[in-house]
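We use all heavy atoms of the structure for the numbers below, so side chains are in, but hydrogens, waters and symmetry mates are not. So you know, we letter chains A, B, ... as the sequences are listed, proteins then strands, and number each from 1.
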Amino acid sequence: MSDDERYDALAIEPAIAQRWYDEGTYTLADDHPGEPYYALTMFPYPSGDLHMGHGEIFSLHDALVRHKRMTGHAVLNPIGWDAFGLPAENAAKKRGADPKQWTYDNIEEQRSSIVRLGYSFDWSTRLHTCDPEYYRWTQWIFLELFGADLAYRKDALVNWCPGCQTVLANEQVVDGLCERSDDPVERRPLNQWFFKITDYAQELLDDLDTIDWPERVKTMQRNWIGRSEGAEITFATADGDDEVVVSTTRPDTIFGATYFVFAPEHPLVAARMGDDAEYAAFMDAVSKRSEIERMSTSDDRGKRGLRLNFDMTNPFTGEAIPAYAADYVLMDYGTGAIMAVPVGDQRDFDFARQEGLRIDVIIRPTDGDGNLLEELDADTMTEAYTGPGVMVNSGDYDGMTADEAKAAIIRDVESKGWGTGKVNVRLRDWLISRQRSWGAPIPIIHCGACGEVPVPVADLPVRLPDDLDWAVDGSPLALHPTWKHVACPSCGGDAVRDTDTMDTFVDSSWYFLRYLAPNDDTQAWTREAADRWLPVDQYTGGVEHAILHLLYARFFVKALRDRGHLAASEPFQALLNQGQVILDGSAMSKTRGNLVVPAEVYDQYGADTLRGTMLFASPPEDDIDWADVSPAGMHKWLSRVWRLSLEHGMPDTADVGSDGDVATLRKATHGTILAVSADYEAKKYNTAIAKMMELTNAVQAAAHAGVAGAAMREAVTTIHLLLAPVCPFITEELWTRLGHVGSIHDQAWPEADESLLVEAEVSVIVQVNGKVRGKITVAADADEATTIAVATGDDNVAKFLGDGEVVKTIVVPGRLVNFVVR
RNA sequence: GCCCCGGUGGUGGAACUGGUGAGACACGCGGGACUCAAAAUCCCGUGGCCUUCGAGGCCGUGUGGGUUCGAAUCCCACCCGGGGUACCA
């Protein structure tokens, strides 16, 4: 074979890739026929060139997209960049670069790699969240939420990352550390902007049942939202001067509430304790205890407590119970105060033992069927009892099960005006202020006379100034000499802009909507387009966004729906989380020095090999260890396809070779179409490729058997069509070389001729006592008696049947016969 | 601790809703052909053990039990690995 005929990916791919980009081949025409299909992949963050993770996710996504196009869908496949964020600012500070320049340089590098790899994005949709044309509408959404009372400012103890010099959302704090910089997060009281995501907690929980997402992601969201049912009950101080509301999930255990605990920061504690020296020392000790220690995983985290100078009254027993402040009660969960039931709560139990407090038994354990078990003994029990039971020592509620008592007590609490049944959620409102400057400015003006004044929509965008000094300590935007000074839009007096920017997760919470109208400078998107395309049919991306991005985007869609901007309740109908690309068992990273980049692979073997390797390596959800895969193997197979295609795929009218060999090949061809089509629908690309390899082997075998002509051309053409979504370049090139007109990617997906797959005979497994002893061949429509007769006639089967008595015979038509012999 | 998800050859992974001799396909490895040689390519072999070397037998899907005519697949207990989460009242 001459050099010209050898498979040389590097000689064919770049030109095709450039042509697709230059000609806008994959721009979706407005009048494109077919059912709308919105395929979305998480837009990249421009931190440098593409990494292998992008290679995997985009290869997966593009195979899906190209397959959908070939099956007749109008596929919306947009691309953009999540381009605001701290890394740009850090690079600016470290190297004196302009964040904008740094960002755009990286975007250009990534764009070039994406094009080179043949990913068929619609470039007309391209957007960058850092462009004023984009963040203008991010600001508009902020104002929409502000208008709906879903954006508000409050003083709160917030998470402060000293490394990033900004506050963080709860979702961005992982084990007490900043998810980005790993610095220990501090708690600081600050006045900050929040989005009221908690208003949607119930719906965010309920609608998880309507979407086709991996179960573990749904579970993570459910846990994060953390709904629990209980009650809020008012306790009075023993002197009757103050009332305090507690939140509990176990109102049934209220007769066992033998003491009361406040969070150390609780206002009533401060009010009552004043400048008590012991209290001051206690507060000092508590505040020194870092967040990370408070959240530590060790079991021996002691509970710090302080007996307060007053008591509380248990409304049900009328008894005065001692009040404590302790750090195991958190000010920002529930109401910051609890009724402590040591018999039924492990933390209360631990604290009671530590402080020598009374433990009252108010429940008698039962088993799952309600049968009474041994009574608890307050003196000897070693841990709280949290299982099922019936109430004892609980007044009128004695004899009720815990569940019955819970309902009854909530009812009585409500009728007596002591409180209400209450659903509690763990989810907190989303803190979106950031004291950074490479982000979308919060479009609010603070006026001494008018308060918080929203920037008029007509004045959007609130632009970042071009002359920020990125080298300053602190926030460049806040320290800019003039930017923040403006006239109040309401009264015209002197006022200042809010100098914080929005969390970049705000930018990414709606980009899939902007893709519907990326160049519209009159509106963020159109209602018609949103209703046509949403929800996204298939979203692909990493599981690291299971809570953050995926929860925020769901919240945005619901809030925007309620403002009349779209009809959908969920942004992403189906979600696929691809695995990570790792090397030798650990994540790739520059600092580890184990980085493999896509460019290395496509410069050596070509983009098709990279794409094929990624998809063949494992099911999409599994991690790929690059040390275990073989781009060389994939390249070898593509070379075989290339060679066999050019040798046997040229136009020909008549079949050559024996009828049997031709029939075998055609059967393989059409069987492969059937099987591979099913695999594509199920996104099982690894087995789809394996089946294409089998067909390739069948072509090779047919060639050895002397088959040529139409059946051979049909077989190799089928491989090309089935492979086109995975390896778009080699298939495009072969399509042309084999004399077809147009692009293979515009072809209809092949359909199997199932009449070719009908088998006259089937092979049937024969078992004796469940062990396989033979394999027979019978007519496909053979009846049971015939099948049994043939099975009995098999020599090896007969040997095992011996003289035994057949007590039972199981026949699964077309599959197996099992003789049970005694 | 709690909640998920997994444990299949040397490796990545196959195996329909329990039913075609578990291990497709590929990598790796071994052997052969071609070649002066190498590369490339093509062919054969490749879970373990036994074997009278036959289209034979036994064992084998983390471990131990169980259900079934039949279990990688279902049930129970345990071991190991990964992920999530955690003083949330």
J.: 5'-most contact on RNA chain B: A/Met634 or A/Asn769, nearest heavy atom basis?
T.: A/Met634
J.: Between C1' on B/C2 and CD on A/Gln346, what's the gap in Å once rounded to a whole number?
T.: 13 Å
J.: Please measure how far the P atom in B/U11 lies from the corresponding atom in B/C5, and state the result in whole Å.
T.: 26 Å
J.: Taking the C1' atom in each of B/C25 and B/G13, what is the distance between them to the nearest angstrom?
T.: 9 Å
J.: Can you tell me if the side-chain N/O atoms of A/Asn223 get under 4.0 Å from OP1 or OP2 in B/C2?
T.: no
J.: Checking A/Thr258 against A/Asp360: is there a side-chain donor and acceptor pair closer than 3.5 Å?
T.: no
J.: With respect to A/Trp213, which candidate in A/Asn577, A/Thr219, A/Leu550, A/Leu576 satisfies the side chain to side chain contact (heavy atoms under 4.5 Å, CB included) definition?
T.: A/Leu550
J.: For A/Phe800, answer base if it contacts any base atom (sugar-phosphate contacts may also be present), sugar-phosphate if it contacts only those atoms, and nothing otherwise; contact means non-hydrogen atoms under 4.0 Å.
T.: sugar-phosphate
J.: According to the Watson-Crick and G-U wobble definitions, with both distances under 3.5 Å, which nucleotide is paired to B/C2?
T.: B/G84
J.: Is A/Asp345 salt-bridged to A/Arg347, cutoff N-O under 4.0 Å?
T.: yes
J.: I want to verify a distance call: between B/A15, B/G21, B/G12, whose nearest atom is closest to the A/Phe616 side chain?
T.: B/G12
J.: Picking from B/C3, B/U20, B/C69, which would you name as closest to the side chain of A/Ile810?
T.: B/C69
J.: For a quick check under 3.5 Å, do A/Asp783 and A/Thr786 share a side-chain donor-acceptor pair by atom type?
T.: yes
J.: In whole angstrom, what separates A/Ile338's CD1 from B/C87's P?
T.: 14 Å
J.: May I ask you to check whether A/Phe262 and A/Tyr324 place their ring centres under 6.0 Å from each other?
T.: no
J.: Would you please confirm or rule out a distance under 4.0 Å between OP1 or OP2 of B/C59 and any side-chain N or O of A/Lys771?
T.: yes
J.: Tell me whether the side-chain N/O atoms of A/Lys799 come closer than 4.0 Å to OP1 or OP2 in B/G57.
T.: no
J.: Is the phosphate of B/A15 approached by A/Lys684 (side-chain N or O, under 4.0 Å from OP1 or OP2)?
T.: yes
J.: How close or far is atom P of B/G84 from atom CD of A/Gln221, stated in whole angstroms?
T.: 15 Å
J.: So if I take every side-chain heavy atom of A/Lys636 and compare against B/C25, B/G13, B/U41, which nucleotide ends up nearest?
T.: B/U41
J.: Taking only the side-chain nitrogens and oxygens of A/His704, find out if one of them lies under 4.0 Å from OP1 or OP2 of B/C42.
T.: no
J.: Is any side-chain N or O of A/Arg643 closer than 4.0 Å to OP1 or OP2 of B/A40?
T.: no
J.: So which nucleotide from B/A24, B/G13, B/U85 ends up closest to the side chain of A/Ala690?
T.: B/A24
J.: When we call it a touch if two heavy atoms are under 4.0 Å apart, what does A/Gly226 touch: a base, just sugar-phosphate, or nothing?
T.: nothing
J.: A/Val629 near the nucleic acid: base, sugar-phosphate alone, or nothing, with a heavy-atom cut-off under 4.0 Å?
T.: nothing
J.: Using Watson-Crick or G-U wobble geometry with both distances under 3.5 Å, which nucleotide pairs with B/C42?
T.: B/G32
J.: Using the side-chain heavy atoms of A/Val812, tell me which of these nucleotides is nearest: B/A89, B/C88, B/G19.
T.: B/G19
J.: If the cut-off is 4.0 Å, is A/Arg347 near the phosphate of B/C88, judged by side-chain N/O to OP1 or OP2?
T.: yes
J.: Among the nucleotides B/G57, B/G12, B/U85, which one has an atom lying closest to any side-chain atom of A/Arg426?
T.: B/U85
J.: Please report the distance, rounded to the nearest Å, between CD in A/Glu383 and C1' in B/C87.
T.: 16 Å
J.: Please check the phosphate of B/A26 (OP1 and OP2 only) for any side-chain N or O of A/Asn697 closer than 4.0 Å.
T.: yes
J.: Determine whether a donor-acceptor pair (one donor, one acceptor, N or O, separation below 3.5 Å) exists between the side chain of A/Arg815 and the base of B/C16.
T.: yes
J.: What is the distance, rounded to the nearest whole Å, between atom CD1 of A/Ile776 and atom P of B/U20?
T.: 14 Å
J.: Assign A/Gly774 to base, sugar-phosphate, or nothing according to its heavy-atom contacts below 4.0 angstrom with the strands shown.
T.: base
J.: Among B/C87, B/A24, B/G57, which nucleotide sits nearest the side chain of A/Tyr328?
T.: B/C87
J.: NA contact type, A/Lys218, heavy-atom cut-off 4.0 Å: base, sugar-phosphate, or nothing?
T.: nothing
J.: Which base, if any, makes a Watson-Crick or G-U wobble pair with B/G23, both distances under 3.5 Å?
T.: none
J.: Rounding to a whole Å, what distance do you find between A/Asp628:CG and B/C29:P?
T.: 15 Å
J.: Check this one for me: any side-chain N or O of A/Gln700 less than 4.0 Å away from OP1 or OP2 of B/C42?
T.: yes
J.: Are A/Gln354 and A/Asp350 close enough that a side-chain donor and a side-chain acceptor fall under 3.5 Å?
T.: no
J.: Could you please name the option among B/G56, B/A86, B/C25 that lies closest to any side-chain atom of A/Trp224?
T.: B/A86
J.: Using a cut-off of strictly less than 4.0 Å, decide whether A/Lys808 has a side-chain nitrogen or oxygen near OP1 or OP2 of B/C69.
T.: yes
J.: Do NZ/NE/NH1/NH2 and the carboxylate oxygens of A/Glu759 and A/Lys667 come within less than 4.0 Å?
T.: yes
J.: Closest heavy-atom contact between A/Gly612 and A/Val726?
T.: CA-CG1, 3.8 Å
J.: Hey, does the Lys NZ or Arg CZ of A/Arg6 hover above the aromatic six-ring of A/Trp642, less than 6.0 Å from the centre and inside 45° of the axis?
T.: no
J.: Roughly, in whole Å, what's the span from CG in A/Leu723 to C1' in B/C25?
T.: 14 Å
J.: Nearest whole Å is fine: how far is B/C88 P from A/Arg428 CZ?
T.: 12 Å
J.: Partner of B/G54 by Watson-Crick or G-U wobble geometry, both contacts under 3.5 Å, or none?
T.: none
J.: Which nucleotide, B/U20, B/G57, B/G13, lies nearest any side-chain atom of A/Asp622?
T.: B/G13
J.: For B/G47, which nucleotide in any strand shown is its Watson-Crick or wobble partner with both distances under 3.5 Å?
T.: B/C59
